[in-house]
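Read through the structure below, which is laid out as structure tokens, and then see the notes.
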Amino acid sequence: MDNNHDAGQDSQKILEEFKKICESFGIKLTYQRLEIYRILLEAKDHPSAEDIFSRVQKKVPTISLDTVYRALATFEKFGLVRKFYSLDEKARFDPNVFPHFHLVCIKCHKITDFQWPEVEKKSLPSVAREWGEIKERYLELRGVCKDCLKK
Ligand SMILES: [Zn+2]
Ligand SMILES: [Zn+2]
């Protein structure tokens, strides 16, 4: 969970990688789209499209919510971001497309990444193996975060 080291440096690297991937897929990377991705990358809270919109708006006042929706849909289509649903009806977006799990606070709805390699590597129970083909493992642990416990 300790992914705050050199966050600035890391996100610069990821951003460069992102540009390269977009180029290779032929995704037109406008200034607005780059800002959308940058905001998402810096966000640690797994924001919704509306959250991203209001944050990008501070930098790019002319941007529309529709542009944000379309950019996120494109990024998702090419596997550059992950879309998921948790406690809210609204979809949340995750720039971290590598295997990881989520800790979800049922009070403030904050979503925090965590790794659990033992679970990722564990062999599947027979029910899951016989059910079909598992493509991805995703686990969400729900509870009350430290900040909310203090209140
Ligand atoms: Zn909380
Ligand atoms: Zn995540």
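One-based numbering, in listed order, for ligands and for the atoms of each. These figures come from a predicted structure and were not determined experimentally. The figures that follow rest on heavy atoms only: side chains count, while hydrogens, waters and symmetry mates do not.
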**Q.** Basic-acidic side-chain contact under 4.0 Å: Lys13, Glu16
**A.** no
(Q) I'd like to know if the Zn ion (ligand 1) has an N/O/S atom from His109 within less than 2.8 Å of it, counting both backbone and side-chain atoms. (A) no
Q) How open is the angle at the Zn ion (ligand 1) from atom SG of Cys145 over to atom SG of Cys148, rounded to 10 degrees? A) 110°
Q: Give, rounded to 10 degrees, the angle between NE2 (His46) and NE2 (His102) as seen from the Zn ion (ligand 2).
A: 90°
(Q) Between Asp45 and Arg55, does any side-chain N to carboxylate O distance fall below 4.0 Å? (A) yes
Q | Shortest-distance N/O/S atom, Asp113 versus the Zn ion (ligand 2) | A | OD1
Q: Go through the steps for Asn96 and His46 under the test side-chain hydrogen bond (donor to acceptor under 3.5 Å, both in side chains), then give the verdict.
A: CA-CA 9 Å; Asn96 184 357; His46 303 79; over 6 Å; no
Q) Should the pair Asp147-Lys110 be classified as a salt bridge under the 4.0 Å nitrogen-to-oxygen rule? A) yes
Q) What angle, in degrees and rounded to 10°, do you get at the Zn ion (ligand 2) when you join it to OD2 of Asp94 and to NE2 of His100? A) 90°
Q: Would you mind reporting whether Val56 and Gln32 have side-chain heavy atoms less than 4.5 Å apart?
A: no
